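Comments concern the structure below.
If you're wondering where the values come from, they're calculated on a predicted model, not measured in any experiment.
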Amino acid sequence: PLTNIRRPWVNYGLMLTMVVVFGLQLVGLVRWQHFAFIPIQLWHFWPGPGPLHGIAGLFAHQFLHGSLLHIIANLIALRVFGDNIEDALGHGRYAAFFLVSGALAAIAQGIAAPTAPLIGASGAISAVMAGYLLLHPRARIFVLVFNVAPVLAPASFVVGFSILVNIAMAYDLTILGGATPGAEARSIAWWAHIGGFAAGLLLVPLLKARSVALFQPPPL
């Protein structure tokens, strides 16, 4: 339950913006190639393929998505975790937290893959999940085991398992070197997720309201 705000308006706004942008992508009015973050553009301030590049791409890429499944997964995660982080931080600080975390996540991915375009809100959402882990580790969340059976699991397990999977995948892809992993694995920005998670762990304790405690008990 929310205790400090009436409605998570910023979280709703972020979700709505993603939906609108994805709709514009579908009809061809927004092309991801023009707004994606390409790290090497930032390192060398090279001109990009469209009107936004470099620093602007750090923020613009967070509202783009590559497929319907991509945006649905991010919207579900943001709906589940985002409102409580906005409740703990407040509207303005939550907006700044989301955008800055997404930018830091993009930089982390850029260090690992400097020439690969990056789109999606997953890095920022990983930061939101990390904040949820710090605030509500014992809250229970419905998850689909093997995408079939709904099971209630503690947030500490859900978020912890997620980050372990990301670390394992990032490590595997790193040690592969010249090998060619599957296209699906290569298309996922594992290091952005890890960077976003680290950003959330660092920023939420700094930005949360003083009255908000870490590691809260589960709601009654």
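Every residue two or more places apart in sequence or in another chain that forms a side-chain contact (heavy atoms from CB on, under 4.5 Å) with Phe157 is listed here: Ala153, Pro154. The side-chain contact (heavy atoms from CB on, under 4.5 Å) search around Leu29 returns Leu24, Val27, not counting sequence neighbours. Remark: Leu152 engages Arg140, Phe142 in a side-chain contact (heavy atoms from CB on, under 4.5 Å) (not counting sequence neighbours). A search for side chain to side chain donor-acceptor pair (under 3.5 Å) contacts involving Tyr94 returns Asn11, not counting sequence neighbours.
Note: Lys208 NZ to Leu134 CG = 10.0 Å, rounded to the nearest 0.5 Å. Of the inter-residue distances, the one linking Met129 atom CE with Ile163 atom CD1 reads 8.5 Å to the nearest 0.5 angstrom. To the nearest 0.5 Å, the span separating CZ on Phe37 from CG on Leu64 amounts to 13.0 Å. Distance check: Phe215 CZ to Leu133 CG gives 7.5 Å after rounding to the nearest 0.5 Å. Residue Ile85 holds its CD1 atom at 12.5 Å from CD1 of Ile125, rounded to the nearest 0.5 Å.
Ring geometry for Phe98 against Phe63 counts as tilted: the plane angle lies between 30° and 60°, on a 0 to 90° scale.
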For residues 194-205, dump all side-chain donor-acceptor pairs below 3.5 Å to protein atoms at least two apart in sequence or in another chain.
none

Got a list of side-chain donor-acceptor pairs under 3.5 Å for residues 12-20, not counting sequence neighbours?
unit_1, atom_1, unit_2, atom_2, d
Thr17, OG1, Gly13, O, 2.8

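Both Phe97 and Val80 belong to a common hydrophobic cluster when Ile, Leu, Val, Met, Phe, Trp and Tyr are linked at side-chain heavy-atom distances under 4.5 angstrom. A single hydrophobic cluster is not seen to contain both Leu2 and Leu89; linkage of ILVMFWY side chains at heavy-atom distances under 4.5 Å, directly or through other members, places them apart. By the criterion of side-chain heavy atoms lying less than 4.5 angstrom apart, applied directly or through intervening Ile, Leu, Val, Met, Phe, Trp or Tyr residues, Leu214 is grouped together with Val128 in one hydrophobic cluster. Under a hydrophobic clustering in which Ile, Leu, Val, Met, Phe, Trp and Tyr are joined whenever their side-chain heavy atoms come within less than 4.5 Å, directly or via other members, Leu75 and Leu68 fall into the same cluster.
With hydrogens and angles disregarded, a donor-acceptor distance shorter than 3.5 Å links the side chain of Gln25 to the backbone of His65. Gln109 places no side-chain N or O within 3.5 Å of a backbone atom of Ala105 that could act as its donor or acceptor partner.
Counting only residues at least two apart or on different chains, the side-chain hydrogen bond (donor to acceptor under 3.5 Å, both in side chains) pairs with a member in residues 110-124 are Asn74-Ser122. Every pair passing side-chain hydrogen bond (donor to acceptor under 3.5 Å, both in side chains) that includes a residue from residues 157-167 is listed here, sequence neighbours excluded: Asn166-His193. Listed by first and then second residue, the salt bridge (Lys or Arg N to Asp or Glu O under 4.0 Å) pairs that reach into residues 78-92 are Arg79-Asp83, sequence neighbours excluded. The list of side-chain hydrogen bond (donor to acceptor under 3.5 Å, both in side chains) pairs with a residue in residues 211-220, not counting sequence neighbours, is empty. Counting only residues at least two apart or on different chains, no side-chain hydrogen bond (donor to acceptor under 3.5 Å, both in side chains) pair has a member in residues 125-136.
Nearest heavy-atom pair, Gly66 versus Ile119, reported as atom, atom and distance to 0.1 Å: N-CD1, 3.7 Å. In terms of heavy atoms, Ala124 sits closest to Gln62 at CB-OE1, 3.9 Å. Nearest heavy-atom pair, Gly110 versus Pro39, reported as atom, atom and distance to 0.1 Å: CA-CG, 3.2 Å. What you find for Ala88 and Leu135 is that their closest heavy atoms are CB-CD1, 3.5 Å.
Side-chain contact check for Phe81 versus Val159: some heavy-atom pair is nearer than 4.5 Å. A 4.5 Å side-chain heavy-atom check between Leu118 and Ile38 finds every atom pair outside the cut-off.
If you chain together ILVMFWY residues whose side-chain heavy atoms come under 4.5 Å of each other, Leu164 ends up in a group of its own.
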